[in-house]
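These numbers were taken from a predicted model, which means no experiment stands behind them.
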Amino acid sequence: MEQKNESTPLVTVITATYNLIENKRAKFIIQCLGSVHNQHYSNIEHIVIDGASNDGTLSLLKEYESQGWIKLFSEPDAGIYDAMNKGILKANGKYISILNSDDFFHDPEGIAISVKLLEENDADYSYADARVLKKSGRKFQWKGDLSKLLVGEHYCHQTMLVKTEVLRDMGGFDLSYRVSADSDLMIRLYALGYKHQYVPHCFVTYRYGGYSFHYDAQSRKDHSTSFFHHIGCHIGLSEDDCFQLWQLKFITEQTYKEQLALVHKVPEEFGRDYVYAELKKRNPLGGKQPEKKRYYLFGFIPVFQVSFQKNTYTYSLFGIFEILNVTCFNGKWNYKLLGVIPILKVKYCK
């Protein structure tokens, strides 16, 4: 497939697969392939890089190859990002889109709108909002926002179109990041000063619970390490600062004094106002909690004490008898009477 003309440059969509039938994901790849085929943009090649599946996935994919929907390559690889790198080397398009096998384009105009804006603004890559689909069927929109790059809430990588030459110049995905090489790629694109373009059009559905979701701790480590090395170390943030700021984990893992100190280190460019607003919103005491506070009877008899350590509030009589314990973890507040009897759960929703 060749470039048709300047107004409709070839776009290569890359999808990595491995043993989808065994993992009960056949219906998802069929939806993915159909969503690419049904794009109204007239100049797309869809490359599928399979990791030598042995469960019937190849037979399924060959049906679509025979219809001319996809170009299929199958051989052992070192994981999903290695497969994507192989696709980058095989791509013929001016732009590349990475679409995971579980995800799909829900709007047939998505590629066309993205290419139009890239071409008009001579940008190196684009990103957009994404529709997130949870297993329960609930949907919500993930707003693409580069100012949230530090906290890892910036945008869904499946919404990106990137110039092929840019991806190749960057060396593709860095395989040393085992879980979040996609985050590292997005961080490097920004750090290296490539021109970006926001596409105000939601056209990708991302199924919540993908690869990085199952390895949350490693994803946090990958993202914060990459951000620190490429950006954080140049703007006064330590590697631990970046680690604490990922997904705003610091709100439940630090004392309030530490939280405020960290927020003040965040540059406006990377969402200081957003981070501070979230801190105030998620703080049940309105951002005013002390690490320890005593209440006195007659002004001198200490009868009640509230202490705060890490993510736990402890309410006690005379500083000895614990009557209530409140713990926050991952946006969930658990209230326990006498420190052991669960009486209430409050979940913070975005």
Side-chain angles (χ1 to χ4, degrees), residues 1 3 9-20 23 25 28-29 32-33 36 44-54 57-58 61 65 70-103 105 111 114 118 124-127 149 152 154-194 196 204 206 210-215 218-219 221-223 225-227 229-230:
M1 194 175 293
Q3 304 287 348
L10 180 64
V11 174
T12 299
V13 178
I14 298 170
T15 300
T17 62
Y18 180 69
N19 282 358
L20 300 179
N23 292 297
R25 308 187 98 75
F28 295 155
I29 186 62
C32 171
L33 300 180
V36 177
I44 297 175
E45 69 168 356
H46 192 177
I47 293 177
V48 176
I49 306 293
D50 180 77
S53 293
N54 54 19
T57 295
L58 273 178
L61 293 172
E65 182 185 37
I70 64 173
K71 294 179 178 179
L72 176 62
F73 303 90
S74 183
E75 62 182 21
D77 56 49
I80 188 169
Y81 295 115
D82 183 38
M84 291 175 182
N85 280 345
K86 290 180 179 182
I88 291 169
L89 293 177
K90 294 180 183 297
N92 297 300
K94 179 178 181 180
Y95 300 106
I96 286 177
S97 165
I98 306 287
L99 186 65
N100 291 347
S101 60
D102 280 4
D103 307 323
F105 298 132
I111 295 294
S114 297
L118 282 164
D124 297 305
Y125 68 101
S126 66
Y127 65 95
L149 186 63
H154 41 294
Y155 57 88
C156 176
H157 85 84
Q158 286 90 326
T159 69
M160 285 201 306
L161 267 69
V162 190
K163 283 183 176 177
T164 303
E165 63 180 1
V166 167
L167 287 175
R168 289 175 178 166
D169 287 346
M170 293 173 64
F173 293 92
D174 184 343
L175 302 188
S176 68
Y177 293 98
R178 296 180 295 161
V179 173
S180 292
D182 52 349
S183 285
D184 167 69
L185 180 75
M186 291 183 274
I187 289 167
R188 285 188 289 136
L189 280 166
Y190 188 85
L192 292 169
Y194 285 109
H196 53 81
V204 173
Y206 160 69
Y211 183 65
S212 60
F213 173 83
H214 295 292
Y215 301 94
Q218 187 62 48
S219 182
K221 177 64 176 171
D222 284 355
H223 182 94
T225 299
S226 174
F227 191 92
H229 286 301
H230 297 293

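Pro9 is not listed as a side-chain neighbour of Val11, based on a closest heavy-atom distance of 4.5 Å or more. In this structure the side chain of Lys94 never reaches within 4.5 angstrom of the side chain of Leu10, judged on heavy atoms. For the pair Leu61 and Ile29, the minimum side-chain heavy-atom distance is below 4.5 Å. For the pair Thr17/Arg25, no side-chain contact is recorded, criterion being any heavy-atom separation below 4.5 Å from C-beta on.
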Derivation and outcome, side chain to side chain donor-acceptor pair (under 3.5 Å), residues Asp182 and Tyr177: CA-CA 9 Å; Asp182 52 349; Tyr177 293 98; over 6 Å; no
side-chain contact (heavy atoms from CB on, under 4.5 Å) between Asp82 and Leu175, worked out: CA-CA 7 Å; Asp82 183 38; Leu175 302 188; 4.0 Å; yes
Lys71/Lys90 under side-chain contact (heavy atoms from CB on, under 4.5 Å): CA gap, chis, key distance, verdict: CA-CA 10 Å; Lys71 294 179 178 179; Lys90 294 180 183 297; over 6 Å; no
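Nearest heavy-atom pair across Gly87 and Ile47 is O-CD1, 4.3 Å. Taking both residues in full, the closest heavy atoms of Ser180 and Tyr81 are given as CA-OH, 4.0 Å, listed atom of the first, atom of the second, then distance.
To the nearest 0.5 Å, atoms CD1 (Ile98) and CG (Asn100) are separated by 8.0 Å. Ile70 contributes atom CD1, which lies 10.0 Å from atom CD1 of Ile49 (distance to the nearest 0.5 angstrom). Atom-to-atom distance recorded for Ser126:OG and His196:NE2 is 11.5 Å, nearest 0.5 angstrom. Between Asp77 atom CG and Met84 atom CE the span is 10.5 Å, to the nearest 0.5 Å. Interatomic distance, Met186 CE to Leu149 CG, rounded to the nearest 0.5 Å: 8.0 Å. Note that CZ of Phe73 and CG of Leu89 are 11.5 Å apart. Values are rounded to the nearest 0.5 Å.
Side-chain N or O atoms of Thr225 include one that pairs as donor or acceptor with a backbone N or O of Lys221 at under 3.5 Å. At distances below 3.5 Å, not a single donor-acceptor pair connects side-chain atoms of Gln218 with backbone N or O atoms of Arg178. The backbone N or O of Phe173 lies less than 3.5 Å from a partner atom in the side chain of Asn85, making a donor-acceptor pair. Remark: side-chain polar atoms of Thr57 are not paired, donor with acceptor, to backbone N or O of Tyr18 under 3.5 angstrom. Asp184 places no side-chain N or O within donor-acceptor distance of the main-chain N or O of Ser226, the cut-off being under 3.5 Å.
When the side-chain contact (heavy atoms from CB on, under 4.5 Å) test is applied to Asn54, the partners found at least two apart in sequence or on another chain are Asn19. Qualifying side-chain contact (heavy atoms from CB on, under 4.5 Å) partners for Ser97, counting only residues two or more places apart in sequence or in other chains: Val13, Phe105, Leu161.
Residue Ile14 is tested with Ile88, Leu167, Leu99 for a side chain to side chain contact (heavy atoms under 4.5 Å, CB included); the sole match is Ile88.
Ring geometry, Tyr127 versus Tyr155: the interplanar angle falls under 30°, so the pair is classed parallel (tilted spans 30 to 60°).
Screening residues 156-174 for side chain to side chain donor-acceptor pair (under 3.5 Å) gives Asp103-Gln158, Asp174-Ser176 as the qualifying pairs, with residues at least two apart or on separate chains.
For the residue pair Thr15 / Ser101, no side-chain donor-acceptor distance below 3.5 Å is found, with atom types taken as modelled.
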